[in-house]
Every structure is written in C-alpha cells, then in structure tokens.
Visitor: 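Got a structure here, written out as structure tokens. Questions coming.
Protein chains get the first letters and strands the later ones, always in sequence-line order, with residue 1 at the start of each.
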There are 2 protein chains.
Amino acid sequence: MENFQVTIRELVRCYQAFEQLSNRHIRAMDLTPAQFDIIATLGNTQGMSCRELGEKTLITKGTLTGVLDRLETRGIINRETISEDRRSFRVYLSPKGEVLFENTFTRHLEYIRPFFSDLPEQKLVEMTNTFAELRSKFQD
Amino acid sequence: MENFQVTIRELVRCYQAFEQLSNRHIRAMDLTPAQFDIIATLGNTQGMSCRELGEKTLITKGTLTGVLDRLETRGIINRETISEDRRSFRVYLSPKGEVLFENTFTRHLEYIRPFFSDLPEQKLVEMTNTFAELRSKFQD
DNA sequence: TATTGTTATACTCTATAACTATA
DNA sequence: TATAGTTATAGAGTATAACAATA
C-alpha cells in the first residue's frame, strides 16, 4: 500500500466523521446539507447569481435550480431579475431567510465549537495550512 | 471569524476538491461513488455481513439494501446465507466483481497517484497524522 | 457563438420507521 | 428483547443533455 493511499483514507475518514456530526445537526434544524450550504453562502452577502452560487457550493446548475425552488417555496430565498443581464437573477435571502441564517448558523457553530475546544490556536493554523496545501495539489 | 471555522472550511474544500476529481473518474468507469465504495471495501476480503459493510462505508442499512440490489443485478456481488446466523448474509464479490475490482481499483489509483507525486513521503505522513488527529476530536 | 438558467430524464442516495425472521 | 436485513415512504441530490432567452 502506497503512502498516498493512507493519506487519502484519513482525509476521507476525517471529513466523513465531521460531516456525520455536522449533517445530523443540520437535519435536526429541518434543513438538508445542500440547503444549509446555500443559506450559509448567501448569509451576510447582497446575494449573487446562480452561476456564482454554484461555483461556491459546487452544486451543478441543474441541481441548483431544484434546491433553490424548494428554498423559494419555503420563503427563505428570493430571485430578482437584474438590469445588467436579463439572462441572470440575483438570488438572496428573504427577511425570513436572514433570520433563519442568523439562527441556524449561530446554533450550528455552537454545536461544532466544543469539538475544537482542546486544540490550541497554533495547531488549528497548522491544520489549516496542511489542508490548503493538499487541496492545491488537486486544483492546480 | 474564529480559527476553527477556517480549519473546517479548508477541510471541506480539500475533501471536496479530492471528491470532485475522484468521483468524476469513478463515474467515467460506470460506477457511482457508493458502488465503488462497496466494491473497494469488499475487494481482497472473504466478504462480510451487511452490518459490517455498513459500518465500514457509513451507508445506512436501508440504503445499503438498494445499493447491493443494483450491484447484484449487475452480477457484481453475491449474497450467500451463512450457517451460523440465519438472519444474516455474507456479501462478497462475484468472479466478475473481482475482475471489476482489480480493474477499476488499479485504474483509479493510477488516476489519483499523479496528484500526490510531488509530495515527499515525510509530508504525506504528517498529513495523515493531522487528519487522524482531527478525526479523533470528532469521534472520541 | 457563448453564456445563464430552466426543464427533462433517469437514477441514486438519504433518513426514518415499520416489518419479518431469527437469536 | 434484541439484532440482521428488507420493505415502504417521501424526499432530495446527481449527472447529463436539450432548450430558451439573452449577450
């Protein structure tokens, strides 16, 4: 077994362990992971186009339409035509969506924070750098 | 923004970047990520129960039945009753599945390997340890 | 011609709970 | 009573391609 395989396996395990506890909490707040992703991405912004939202969340455009439809039905987001480009929309959080964002995002951070409580700042910085370094291999 | 949030973001980005290139290749080999996960887990083993397979792949039992059904239909896996416990099955790769495993697993490694080519062994070990350390926070 | 977003297709995965058979 | 696995339910995400409107 080559070394890189072990690294991949630990990357996957680490992510899955995080995802499992994170997603459980997200679903307990009556959102799907994809919906939470969209809401977290739109929070504290002026909104953005579907294209930009898709790039940030890695949700492909066909899928995105469906996810946004469900969020719009629930009154969480709005779509607004923009004057500059009539092919495109600005997708943004409704007032109800803003409240939901503040609420769920804060609660989610509170839920996650304790898992990191005994990691010193320096360690967190090192981890961050490690992850960024590996990612660059996949993207450059 | 707290430090741990940045660490999470980079973990997620790193994983997603890997997943994206990995899944693209898996789908190009006519498998879904879940199916590849099952095949890779069963490869080089004598097979295992659904329970064990579910624990290793993190696929819940209800979902697992469906995934296994599709693999069985394609003649890739078999289910065999075992004498010790008549509630349970041994799930294992068929001869055709073995060939598929050797083939796809090898090709997949070849596809992934180059992305790690300029990382020295020592660096890989450090990365592995970092992922394992963070995972332990989520699971202990 | 290229791009933005929607629609259509066909599947696959997801969580959850109820259920059957066995332990 | 507990466990292994299936079935049922209801939804949600996935890739892909074709499409309309606009640039």
Visitor: Could you state the atom-to-atom distance from CD1 of B/I26 to C1' of D/dT14 in whole Å?
Guide: 14 Å

Visitor: Rounded to the nearest Å, what distance is computed from the CG atom of residue B/D30 to the C1' atom of nucleotide D/dA15?
Guide: 12 Å

Visitor: For B/E19 and D/dT14, give me the distance from atom CD to atom C1', rounded to whole Å.
Guide: 11 Å

Visitor: Side chains of A/N23 and A/T32: does their closest heavy-atom pair fall under 4.5 Å?
Guide: no

Visitor: Are side-chain N/O atoms of B/Q139 and B/R135 paired as donor and acceptor at under 3.5 Å?
Guide: yes

Visitor: Going 5' to 3' along DNA chain C, between which two nucleotides do contacts with chain B fall, using a heavy-atom cut-off of 4.0 Å?
Guide: C/dT12 to C/dA23

Visitor: For the CD atom on B/Q46, are there more than 12 heavy atoms of other groups (residues, nucleotides or ligands in this structure) within a distance under 6.0 Å?
Guide: no

Visitor: Among residues 64-72 of chain A, which ones have heavy-atom contacts with DNA chain D below 4.0 Å?
Guide: A/V67, A/R70

Visitor: Is the closest side-chain donor-acceptor distance between B/Q20 and B/Q16 under 3.5 Å?
Guide: no

Visitor: Find out if a path of hydrophobic residues (ILVMFWY) with successive side-chain heavy-atom gaps under 4.5 Å connects B/I59 to B/Y92.
Guide: no

Visitor: Quick check on D/dG13: is either OP1 or OP2 less than 4.0 Å from any side-chain nitrogen or oxygen of A/T63?
Guide: no

Visitor: Are the charged groups of A/R107 and A/E110 less than 4.0 angstrom apart, N to O?
Guide: no

Visitor: Side chains of B/T128 and A/T7: is there a donor and an acceptor less than 3.5 Å apart?
Guide: yes

Visitor: Hey, what are the protein-to-nucleotides 21-23 of chain D N/O distances that come in under 3.5 Å?
Guide:
residue, atom, partner, partner atom, Å
D/dA23, OP1, A/R86, N, 3.0

Visitor: A/R24 near the nucleic acid: base, sugar-phosphate alone, or nothing, with a heavy-atom cut-off under 4.0 Å?
Guide: nothing

Visitor: What class does the angle between the rings of B/F138 and A/F115 fall in, given that below 30° is parallel, 30 to 60° is tilted and above 60° is perpendicular?
Guide: perpendicular

Visitor: Take the protein atom NZ of B/K61 and the nucleotide atom P of D/dT3, then report the distance between them rounded to whole Å.
Guide: 10 Å

Visitor: Send over the distance from A/D37 CG to D/dG13 C1', rounded to a whole Å.
Guide: 13 Å

Visitor: It should be established whether A/R27 places a side-chain nitrogen or oxygen under 4.0 Å from OP1 or OP2 of nucleotide D/dA12.
Guide: no

Visitor: Let me know the distance between CG of A/L53 and P of D/dG13, rounded to the nearest Å.
Guide: 13 Å

Visitor: Run the salt-bridge test on B/K137 and B/E133 with the 4.0 Å N-O cut-off and return the result as yes or no.
Guide: no

Visitor: I need the CG-P distance between B/N23 and D/dG13, as an integer number of Å.
Guide: 17 Å

Visitor: Would you mind reading off the distance between B/M48 atom CE and D/dG5 atom P, rounded to a whole angstrom?
Guide: 12 Å

Visitor: Within the 4.5 Å heavy-atom criterion, are B/R90 and B/R79 side-chain neighbours or not?
Guide: no

Visitor: Whether B/D118 and B/K123 form a salt bridge (side-chain N of Lys/Arg under 4.0 Å from carboxylate O of Asp/Glu) is what I want to check.
Guide: no

